[in-house]
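Below is one structure, written out as structure tokens, with a few remarks after it.
Only a predicted model underlies this, so the values are computations on that prediction, with no experimental measurement involved.
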Amino acid sequence: MQAILYVGHGSRVQEGNEQLRAFVSKIQARFPQIPIQETAFIELEQPTIQEGIEACRKQGATHIAVIPILLLSAGHAKIDIPNEIKSAMEKHPTLIFTYSQPIGVEKIVIDILKERLLSVGVEHITGRPDSESRENKAVLLIGRGSSDPDANSDLMKISRLLWEYTPIKRVEVSYLAATEPTVDEGLERLLKEPVEEIIMLPYLLFTGVLMKSLEKKLNQVQKTTEKN
């Protein structure tokens, strides 16, 4: 019997865990033909991946598709989840597992980011803008940050695609943790540019500790801007 196990990161902020569960519920509704669908977390929340696998098995699952609810491929996607699957296979050799990839660099991601920019007043255009149609605005795309260079370079690819398909003069990338440039460094770089507006665009799936820290940073920047 087929099962799906959705695996999220997990957060110390319970609101983020509930957001993930709500997101998964929407996905589950699109696959009513799959009788067994469970959710698990890599860390900081229950159930664990092993508990999620066991819940699927107890309901009669013989084939479990493990779906990581992660934006980019880094250590959790490359090492932690595969190791959990390997452990489960050793414990239950008759179980069959398939493992998908994180969301990654996809057109739909660019479309969602474009919608976010439209909501704050960036002009809608079809196709790729020419230099004359670009607005004198800049975007600071803010990712979680990782020690994995592939994940960081994927965000750079996304930032380039965002620039290619939105009428923005400049797109810069910064990271909340684990690597550079930091948010402060990204802002400092853009403040030197002759742009009329800087849009800070978080690239995070759900709220959490890092999102809360970013919200504080945004409030500080707004207060400083108002004073100036």
Side-chain angles (χ1 to χ4, degrees), residues 1-106 109 112 142-152 154-155 175-179 202-215:
M1 187 181 295
Q2 177 70 61
I4 301 176
L5 180 64
Y6 304 93
V7 179
H9 185 279
S11 173
R12 292 184 180 88
V13 178
Q14 194 58 33
E15 182 186 356
N17 299 324
E18 293 309 318
Q19 286 176 357
L20 185 139
R21 288 186 173 97
F23 178 77
V24 168
S25 292
K26 292 180 180 179
I27 302 174
Q28 289 172 331
R30 300 186 66 176
F31 297 96
Q33 73 277 17
I34 307 297
I36 305 168
Q37 299 188 57
E38 295 289 337
T39 302
F41 296 86
I42 297 167
E43 58 185 7
L44 304 173
E45 177 65 333
Q46 304 293 326
T48 64
I49 295 174
Q50 292 302 323
E51 289 168 344
I53 290 170
E54 186 63 15
C56 292
R57 189 189 69 82
K58 285 182 175 179
Q59 293 174 72
T62 55
H63 182 173
I64 302 176
V66 180
I67 311 294
I69 310 297
L70 301 170
L71 282 172
L72 300 169
S73 186
H76 288 314
K78 292 179 179 178
I79 300 168
D80 298 336
I81 299 176
N83 283 346
E84 294 288 346
I85 292 172
K86 183 180 176 183
S87 296
M89 289 174 69
E90 290 171 355
K91 187 176 179 181
H92 305 290
T94 59
L95 272 180
I96 299 169
F97 288 88
T98 52
Y99 179 47
S100 75
Q101 295 300 308
I103 295 166
V105 184
E106 295 286 345
V109 169
I112 292 169
I142 304 167
R144 183 182 190 281
S146 172
S147 56
D148 187 302
D150 290 336
N152 298 327
D154 279 349
L155 189 61
Y175 302 93
L176 288 163
T179 191
Y203 191 67
L204 302 167
L205 266 177
F206 310 108
T207 193
V209 172
L210 290 176
M211 188 59 160
K212 296 294 184 185
S213 69
L214 180 57
E215 287 170 359

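- Between Ile36 atom CD1 and Gln28 atom CD the span is 12.0 Å, to the nearest 0.5 Å.
- In terms of heavy atoms, Ala40 sits closest to Gly52 at CB-CA, 4.3 Å.
- The shortest side-chain heavy-atom distance between Ile49 and Val66 does not fall under the 4.5 Å cut-off.
- Residues meeting the ring-ring contact (aromatic ring centres under 6.0 Å, His included) test with Phe41, sequence neighbours left out: none.
- Applying the ring-ring contact (aromatic ring centres under 6.0 Å, His included) test to residues at least two apart or on different chains, the pairs with a partner in residues 47-90 are His9-His76.
- The distance from the OG atom of Ser25 to the CD atom of Glu18 is 9.5 Å, given to the nearest 0.5 Å.
- Shortest non-hydrogen contact noted between Val209 and Val13 is N-CG2, 3.6 Å.
- When every heavy atom of Ile142 is checked against every heavy atom of Leu176, the shortest pair comes out as CG2-CG, 3.7 Å.
- Side chain of Gln37 to main chain of Phe31: a donor-acceptor pair is present (N/O by atom type, distance under 3.5 Å, no hydrogens or angles).
- Between Leu72 and Pro102 the shortest side-chain heavy-atom distance does not fall below 4.5 Å.
- Contact record, Ile64 with Ala61: CG1-CB, 4.1 Å, taken as the closest heavy-atom pair.
- Atoms CG and CD1, on Asp148 and Ile79 in that order, are 7.5 Å from each other to the nearest 0.5 Å.
- In this structure the side chain of Ile42 reaches within 4.5 angstrom of the side chain of Leu70, judged on heavy atoms.
- Nearest heavy-atom pair, Gln101 versus Ser73, reported as atom, atom and distance to 0.1 Å: OE1-OG, 4.3 Å.
- Using modelled atom types, no side-chain atom of Tyr6 and backbone atom of Arg21 make a donor-acceptor pair closer than 3.5 Å.
- Inter-residue side-chain proximity for Asp150 and Lys78 is flagged as met; some heavy-atom pair is nearer than 4.5 Å.
- Taking a cutoff of 4.0 Å between a charged side-chain nitrogen and a carboxylate oxygen, Lys58 and Glu38 do not qualify as a salt bridge.
- Taking CG of Leu5 as the start and CD of Gln50 as the end, the distance is 9.5 Å to the nearest 0.5 Å.
- Summarising the geometry of Leu71 relative to Tyr203, their closest heavy-atom pair is CD1-O, 3.5 Å, with the distance given to 0.1 Å.
- A donor-acceptor contact shorter than 3.5 Å is absent between the side chain of Tyr99 and the backbone of Ile85.
- Although no hydrogens or angles enter the test, the distance criterion places no donor-acceptor pair under 3.5 Å between the side chain of Glu84 and the main chain of Asp80.
- For the pair Gln19 (side chain) and Thr207 (backbone), a donor-acceptor distance under 3.5 Å is present.
- Here the CD-CD1 distance, from Gln2 to Ile34, works out to 5.0 Å after rounding to the nearest 0.5 Å.
- Residues Thr62 and Ile96 are not in side-chain contact: their nearest non-hydrogen atoms beyond the backbone lie 4.5 Å or more apart.
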Using atom types as modelled, flag every donor-acceptor pair under 3.5 Å from a side chain in residues 88-95 to any protein atom, sequence neighbours excluded.
from: His92; atom 1: NE2; to: Glu54; atom 2: OE1; distance (Å): 3.4

